[in-house]
Amino acid sequence: EHHIRKGILDRKMRELLALKQGSDTVYQYAQKFNSLCQYGGYHVDTDEKKMDRFRNGLDGELYERLNLVKVDSYSELVNMAISQEDAMKRA
């Protein structure tokens, strides 16, 4: 049986809550976010909460572009963020 100590769980939850995109690409940020979500508990226990947490960690212009967009799922939000990032790089 595999158990994770409470201290580690708490640290991982704090990492999730503090996670920002920073200099990462959206894809890299999403990978980190997804990895930490398993420790997020009630902070990410619905698709809505997960989308809000992910969106709030996005940087500047990307956050602004996606803040008012209505999407139906977390997966759709990540795909849209990647597409928007690609469009911004081309511009």
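Under a 4.5 Å side-chain heavy-atom criterion applied to ILVMFWY residues, the cluster that includes Leu17 comprises Met13 as well.
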Review item, side-chain donor-acceptor pairs of residues 60-69, under 3.5 Å, at least two apart:
{"residue": "Glu61", "atom": "OE2", "partner": "Arg65", "partner atom": "NE", "Å": "3.2"}
{"residue": "Glu61", "atom": "OE2", "partner": "Arg65", "partner atom": "NH2", "Å": "3.2"}
{"residue": "Tyr63", "atom": "OH", "partner": "Asn67", "partner atom": "OD1", "Å": "3.3"}
{"residue": "Arg65", "atom": "NH1", "partner": "Gln84", "partner atom": "OE1", "Å": "2.7"}

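The distance from atom CZ of Phe54 to atom CG of Asn34, rounded to the nearest 0.5 Å, is 8.0 Å. The CG atom of Asn79 sits 10.0 Å away from the OH atom of Tyr74 when rounded to the nearest 0.5 Å. The OG atom of Ser73 sits 9.5 Å away from the CE atom of Met80 when rounded to the nearest 0.5 Å. Asp59 CG to Gln21 CD: the interatomic distance, rounded to the nearest 0.5 Å, is 4.5 Å.
By the salt bridge (charged side-chain N to carboxylate O under 4.0 Å, His left out) test, Lys50 is found to be paired with no residue, residues two or more places apart in sequence or in another chain being considered. Residues satisfying the salt bridge (charged side-chain N to carboxylate O under 4.0 Å, His left out) criterion with Asp24, sequence neighbours excluded, are Lys32. Residues satisfying the side-chain hydrogen bond (donor to acceptor under 3.5 Å, both in side chains) test with Asp52, not counting sequence neighbours, are none. In terms of the salt bridge (charged side-chain N to carboxylate O under 4.0 Å, His left out) criterion, Asp47 has no residue partners (sequence neighbours excluded). Remark: Tyr29 pairs with no residue by the side-chain hydrogen bond (donor to acceptor under 3.5 Å, both in side chains) rule, at least two apart or across chains. Under the side-chain hydrogen bond (donor to acceptor under 3.5 Å, both in side chains) criterion, Asn56 pairs with no residue at all, not counting sequence neighbours. Under the salt bridge (charged side-chain N to carboxylate O under 4.0 Å, His left out) criterion, Arg53 pairs with no residue, sequence neighbours left out. Remark: Tyr39 engages no residue in a ring-ring contact (aromatic ring centres under 6.0 Å, His included) (not counting sequence neighbours).
Sorted by first and then second residue, the side chain to side chain donor-acceptor pair (under 3.5 Å) pairs involving residues 7-20 (not counting sequence neighbours) are Lys6-Asp10. For residues 68-90, no pair satisfies salt bridge (charged side-chain N to carboxylate O under 4.0 Å, His left out), with sequence neighbours left out.
Between Val44 and Gln38, every side-chain heavy-atom pair lies at or beyond the 4.5 Å cut-off.
Remark: the backbone N or O of Gln31 is not paired with any side-chain donor or acceptor of Ser35 at under 3.5 angstrom.
Heavy-atom minimum distance, Leu16 versus Cys37: CD2-CA, 4.3 Å.
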